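Presented below is the structure to which this report refers.
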2 protein chains.
Amino acid sequence: MSVKLKDIAEQTGFSINTVSRALRDDRRLSDATRNKIKVAAEEMGYIRNILAESMRSNKSRTIGVIFADSANPFYAEVIQGIEERARRLKYSILLINIGEQAENERKAVRLLLGRQVDGLVIAPVYKDRENLALYQSLSVPFIMVGRYIEGLKSHSILHGDAEGQAMAFEHLLRRGHKKILYIAGPKNISNTIDRMEGMKLAYEKYALQIDESYIFESSGHMDDGYRLASQALERGLFFTAVVCFNDLLAFGVLKALHEKSISVPDDMEIIGFDNLAMSRFMQPGLTTVDVPKNHLGQKAVEELVYHIEDATYPYNTIHMKPRLIHRETTLDSHIQSLKTLE
Amino acid sequence: MSVKLKDIAEQTGFSINTVSRALRDDRRLSDATRNKIKVAAEEMGYIRNILAESMRSNKSRTIGVIFADSANPFYAEVIQGIEERARRLKYSILLINIGEQAENERKAVRLLLGRQVDGLVIAPVYKDRENLALYQSLSVPFIMVGRYIEGLKSHSILHGDAEGQAMAFEHLLRRGHKKILYIAGPKNISNTIDRMEGMKLAYEKYALQIDESYIFESSGHMDDGYRLASQALERGLFFTAVVCFNDLLAFGVLKALHEKSISVPDDMEIIGFDNLAMSRFMQPGLTTVDVPKNHLGQKAVEELVYHIEDATYPYNTIHMKPRLIHRETTLDSHIQSLKTLE
DNA sequence: TTATTCTATGTTAACGTTAACCCATGAGTG
DNA sequence: CACTCATGGGTTAACGTTAACATAGAATAA
């Protein structure tokens, strides 16, 4: 069996409690005692039983992490940030994927509560009466990353969905595009709603009407981008630019355009969202809205731990700034003006 | 405070133990009692304290997962498989990233042991005397995914690194390529060694010599692919094909080639490894060696749980079959033969 | 009938740790 | 010299659950 405090106590002649204190660096013990015990523990290969510690101290140093899909490159980077920061702060993370299903989200929360997590980091499904009630009565702190749910927005860290999407559209509208295809995201998450809102803001700014037939719904995956763009082209829909809910969709769109021999950005401009690591390496490099993914995860944990360690710490929505990253799927204003002169 | 067994016991009039049994579906209780207790538990919003359960039963239903970087799309997909299967088997996963550092790997193992995990799934650093000793004396079952370490190969689930890399090279050598650039992976992992071995096998098969100056070391990231390919070209190194340790490197290489206006596959053929989800959407679509990533993760958990539940279950290396996926960065034999006729 | 086995439940202890409280000793204080 | 107080450590109980054993009554068998 493994080494326990009891074994170290017997070995060193101190009581179990003294051993426990020594290993927790309790200053009320003499240096000599503390060192003697620590050395013995090290020699005996002692590993503290965190389960027992958690049980007794009522603090598990564990954070539950609930996402739709950890393999999605966007979430993968957020999770990376979460793991990194949690590890640094001496917390461990329990990861659960829920595939955008509100019911799975509830199950995940309950499971994690059963595991006595000290807090939760969640990318929640947007609208679900039952979930709202669940969160409102939740016994542990929780932070929502990159998304929010109505009524609990103060728990969210957001990255300017509306603002970012507006920037993307403005970049195109300003330069005269009239027919822009918008491939939207899954309808049960806040990002889809906010980005749609951003699109509207941009159109309003330029006093232009949105043609609803240019808005497609999607799951946010590459295949959908490919499929929807292909279909639109095959049906003869006329457009000069495509804005995508995220980069993955844009990858699919690029593939479709290439197959139809439509030249990007000359005949068609494309803008994504998220600025995934791969987006820079696409051919051509994808113009997109940058979101600080890793930082988002780190910040979420940081805030969460504040709440865990201080129950009075207030919840306030945190906003991060999106940035439009110009690459090769759009023409920048300079080049555009040159072309206009030709 | 939260509802405990004690509360349900008081509410229903049964003993704590009977309540515990009822909620665990113990068949020795009468249906009436079991139902009454379950209904009461449900009504009272009882959530079982898994920590306490784990403490007492000496089984945490937790699996520790140790990878270099969960944001790497390859591992992200493996982890997805792990999470999926673990969840289905009622296990939770604790995730730790170690960045290919042997020392971090040791720390992670110890941390997870402290958390009383029932088993580990690891992508280990290849060669480290201390780690070998650690694993040899490990008190819980462990499965290594996609990699192995010397002396413990039976714990691994592998996907034919040598075989897959040989297939890639053979495809090129068979069709007459003489100067093939190979961008290898990080040197402290088994994949790099085995894939290098696969390359050698292919050259031997065609009785050709390997020119060491065509082998570059890398970290396996996109930037390295870009940087190394750019450098090779700038230095005037002559080659007609590039084989990459993984798809990420290939993405970087494609970018570099495009910048130099080298046409793929006509002037240069490229083969990657891993068949990431994005590889199909690259422009041109990347020819690569497919590895069943999600399945690898699922299988790892499946095997691990066999070991957890039956200590006599034997360790045997499991081999999965790689497949060469022909896409647009290579010319297939048919097209090649047509070109030859020109 | 009486012994035996089942069935359904209760009682007690334990998992390994930490919290809360207690107690000796000796130094410093007035 | 008695008193306080800090120092260094021990004792006991508790966290919430399950394992192991015990038991009472009913059903069955001989």
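The shown structure was predicted, so the numbers you read here are calculated from the model rather than taken from an experiment. All chains are named by letter (A, B, ...) in the order of the sequence lines, taking the proteins before the strands, and each is independently numbered beginning at 1.
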(Q) Pair A:Arg34, A:Asp26 - check salt bridge (charged side-chain N to carboxylate O under 4.0 Å, His left out), show working. (A) CA-CA 8 Å; A:Arg34 205 159 358 94; A:Asp26 191 323; over 6 Å; no
Looking only at side-chain N and O atoms, does [X] come under 4.0 Å of OP1 or OP2 in [N]?
{"X": "A:Thr18", "N": "D:dG9", "answer": "no"}
{"X": "B:Tyr46", "N": "D:dG16", "answer": "no"}
{"X": "A:Arg24", "N": "C:dA19", "answer": "yes"}

Q: Would you indicate whether A:Lys38, at its atom NZ, is surrounded by more than 12 heavy atoms from other residues, nucleotides or ligands within a distance under 6.0 Å?
A: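 Counting other residues, nucleotides and ligands, NZ of A:Lys38 exceeds 12 neighbours.
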Nearest of [options] to any side-chain atom of [X]?
{"X": "A:Arg56", "options": "D:dT18, C:dT9, C:dT18", "value": "C:dT18"}
{"X": "B:Ser15", "options": "C:dT11, D:dG10, C:dT18", "value": "C:dT11"}
{"X": "B:Arg21", "options": "C:dG10, C:dG16, D:dT17", "value": "C:dG10"}

Taking atom [atom2] of [N] as reference, at what distance in whole Å does atom [atom1] of [X] sit?
{"X": "A:Arg28", "N": "C:dC22", "atom1": "CZ", "atom2": "C1'", "answer": "12 Å"}
{"X": "B:Arg34", "N": "C:dT7", "atom1": "CZ", "atom2": "P", "answer": "13 Å"}
{"X": "B:Asn49", "N": "D:dA14", "atom1": "CG", "atom2": "C1'", "answer": "14 Å"}
{"X": "B:Asn35", "N": "C:dA8", "atom1": "CG", "atom2": "P", "answer": "13 Å"}
{"X": "B:Asp31", "N": "C:dT9", "atom1": "CG", "atom2": "P", "answer": "10 Å"}
{"X": "A:Leu51", "N": "D:dC15", "atom1": "CG", "atom2": "C1'", "answer": "12 Å"}
{"X": "B:Asp26", "N": "D:dT18", "atom1": "CG", "atom2": "C1'", "answer": "11 Å"}
{"X": "B:Leu5", "N": "D:dT18", "atom1": "CG", "atom2": "C1'", "answer": "9 Å"}

**Q.** salt bridge (charged side-chain N to carboxylate O under 4.0 Å, His left out) assessment of A:Glu42 paired with B:Arg110
**A.** CA-CA 13 Å; A:Glu42 175 75 15; B:Arg110 272 196 279 268; over 6 Å; no
Q.
Nearest heavy atom decides the nucleotide; on that basis, is B:Val19 or B:Ala52 closer to the 5' end of DNA chain C?
A.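 Going by which nucleotide is closer to the 5' end, it is B:Val19.
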Q) Centroid-to-centroid, A:Phe142 to A:His155, below 6.0 Å? A)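 Between A:Phe142 and A:His155, the centre distance is under 6.0 Å.
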Q. A:Thr33 near the nucleic acid: base, sugar-phosphate alone, or nothing, with a heavy-atom cut-off under 4.0 Å?
A.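 It contacts sugar-phosphate atoms only.
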Q: Using a 4.0 Å heavy-atom cut-off across all strands, classify A:Ser30 as base, sugar-phosphate, or nothing.
A: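 Sugar-phosphate contact only.
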Q | hbond_proxy B:Asn17 side chain to C:dT12 base (donor-acceptor, 3.5 Å cutoff) | A |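 In this structure, the two groups form no donor-acceptor pair.
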Q. With B:Asp118, which of B:Lys59, B:Arg61, B:Lys90 fulfils salt bridge (charged side-chain N to carboxylate O under 4.0 Å, His left out)?
A.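 So the option named by the test is B:Lys59.
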